[in-house]
Every structure is written in structure tokens, then in C-alpha cells.
Amino acid sequence: MNEGKINKYICFDRDGTINKEVHYLSNPDDVELYPEVIPALKKLVMAGYGIIVVTNQSGIGRGYYSENDMHKVNKRIEDLLSVEGVSICKFYYCPHQPGDGCDCRKPLTGMVDSAVNDFGFERKDLIVVGDKMCDIELGRNAGGKGILVRTGHGSEVELESESLKPDYVCENLIEAVDWIVER
């Protein structure tokens, strides 16, 4: 579906941003995309952007599900998107629990560091879209911007956050993509 060369990449949180929030999502049958996700991601791809997913998956470290279970969920998301001509460049995930001392758990930049290395984009162009403050912090910590969507946990997070303000707050992914593409 990409009409031209990918020249910029957007990092998206997975649960609560692309797919509806399910506590410790591990079953592909429980994946449900938000209705606006496909048109939003299509628009982004048509504008020359690549899609990267960065997701904390502490359920793996906690023993609630396996990495294989997570890969099956990611595959289900890819399958739902590919039917509509949208592909994800790569999924990056942190399998660790909070406090494990890794460098990949959001808001630390390990996943973005890997994406920059793999795809060669500029940190100044980085935008992270998600429903939690760790997504916004990740964007800032990595040298870019953060967009908070009010899907998933976003509405609650917006009300709780007094210190860190996102670069943009929107209802859903289509509004986030409109803001990105129109900049």
C-alpha cells in the first residue's frame, strides 16, 4: 500500500492504542482493533510513514503468558491489518517486570534505540503514540515527541498527569495521525 519510500517512522504502543485494552492480553482471539485504527494507519502509510510498535509486556516476566503467546497476538494484529493493506515494520517488546533493571522497559529508550539502529531514522523526528504516560516519556526521553490518545487508559492518565504534558492529546488514533500528517 505504501505509495513511496518510507522516510519517517512513528512508534505506537500496542494495547490500548492499536487494539482494545485487555488485561495481560495473551490470546489472539481476544484481539480487537479500535474501529479507527485501519483508516488511520492507511493514511499514515500513504503519507510515507513506517509503523513501529513498542510495547511493554511484563506478563511474560511475571509468568502469566509466554513470548510465543505474545508473538501469536502480534501475528493476529498483523493479519487484521494486512487484509487492509497495512503492515507493521517491526514489533519491539520488553518482556521484563518493573524493577528488573532492563533498559528496554518504557519509558527507558532501549526499544527506540533498537528501532533507530534498525531503520536509521532521526530521533528529532520521533513521535511515540500511546495511552500511558510512559509512552509520552519514552518519546521525550528518546529526543522526540509524545502523543496521548484517550483510548485504553488515556482518559484516566490525562486527568492524573500534572507534571508531564504530552505534545498533543487526542481522542483516538485517527486524530493522532491527522495531527502527524498535517504537521
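- Note on Glu137 versus Lys106: no salt bridge recorded, every NZ/NE/NH1/NH2 to OD/OE distance being 4.0 Å or above.
- The closest donor-acceptor contact from the side chain of Thr151 to the backbone of Gly16 lies under 3.5 Å.
- Taking 4.5 Å as the limit, every side-chain heavy atom of Asp103 sits out of range of all side-chain heavy atoms of Thr109.
- Residues satisfying the side-chain contact (heavy atoms from CB on, under 4.5 Å) test with Asn27, not counting sequence neighbours, are Asp29, Asp30.
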Show which side-chain atoms of residues 70-78 pair as donor or acceptor with protein atoms under 3.5 Å away, not counting sequence neighbours.
from  : atom 1 : to    : atom 2 : distance (Å)
Asn74 : OD1    : Arg14 : NH1    : 2.7
Lys75 : NZ     : Asp79 : OD1    : 2.7
Lys75 : NZ     : Asp79 : OD2    : 3.4

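- Applying the side-chain contact (heavy atoms from CB on, under 4.5 Å) criterion to Ser58, with sequence neighbours excluded, gives Tyr24, Arg62, Pro98, Arg105.
- Residues passing the side-chain contact (heavy atoms from CB on, under 4.5 Å) test with Lys132, sequence neighbours excluded: Cys134, Asp135, His153.
- At a threshold of 4.5 Å between non-hydrogen side-chain atoms, the residues Cys89 and Ile6 count as touching.
- Taking 4.5 Å as the limit, every side-chain heavy atom of Ile180 sits out of range of all side-chain heavy atoms of Lys8.
- Using a 4.5 Å heavy-atom threshold, the side chains of Ile51 and Tyr9 count as separate.
- Between Leu25 and Val31, the closest side-chain pair of non-hydrogen atoms falls below 4.5 Å.
- When atom types are taken as modelled, the side chain of Gln97 and the backbone of Gly61 share a donor-acceptor pair closer than 3.5 angstrom.
- Remark: Asn56 pairs with no residue by the side-chain hydrogen bond (donor to acceptor under 3.5 Å, both in side chains) rule, at least two apart or across chains.
- When the side-chain contact (heavy atoms from CB on, under 4.5 Å) test is applied to Ala40, the partners found at least two apart in sequence or on another chain are Leu173, Ile174, Val177.
- At a threshold of 4.5 Å between side-chain heavy atoms, the hydrophobic network of Ile, Leu, Val, Met, Phe, Trp and Tyr places Tyr64 and Val22 in two separate groups.
- Both Val181 and Val149 are members of a single hydrophobic cluster when ILVMFWY side chains are connected at heavy-atom separations under 4.5 Å.
- With hydrogens and angles disregarded, no donor-acceptor distance shorter than 3.5 Å links the side chain of Asn141 to the backbone of Leu108.
- The main-chain N or O of Glu171 is found under 3.5 Å from a side-chain atom of Glu175 such that the two form a donor-acceptor pair.
- Residues Ser114 and Asn117 bring no donor and acceptor atom of their side chains to less than 3.5 Å of each other.
- In summary, Asp167 and Arg183 do not engage in a salt bridge, as defined by a charged side-chain N under 4.0 Å from a carboxylate O.
- Gln57 and Tyr65 form a side-chain donor-acceptor contact under 3.5 Å, judged by distance and modelled atom types alone.
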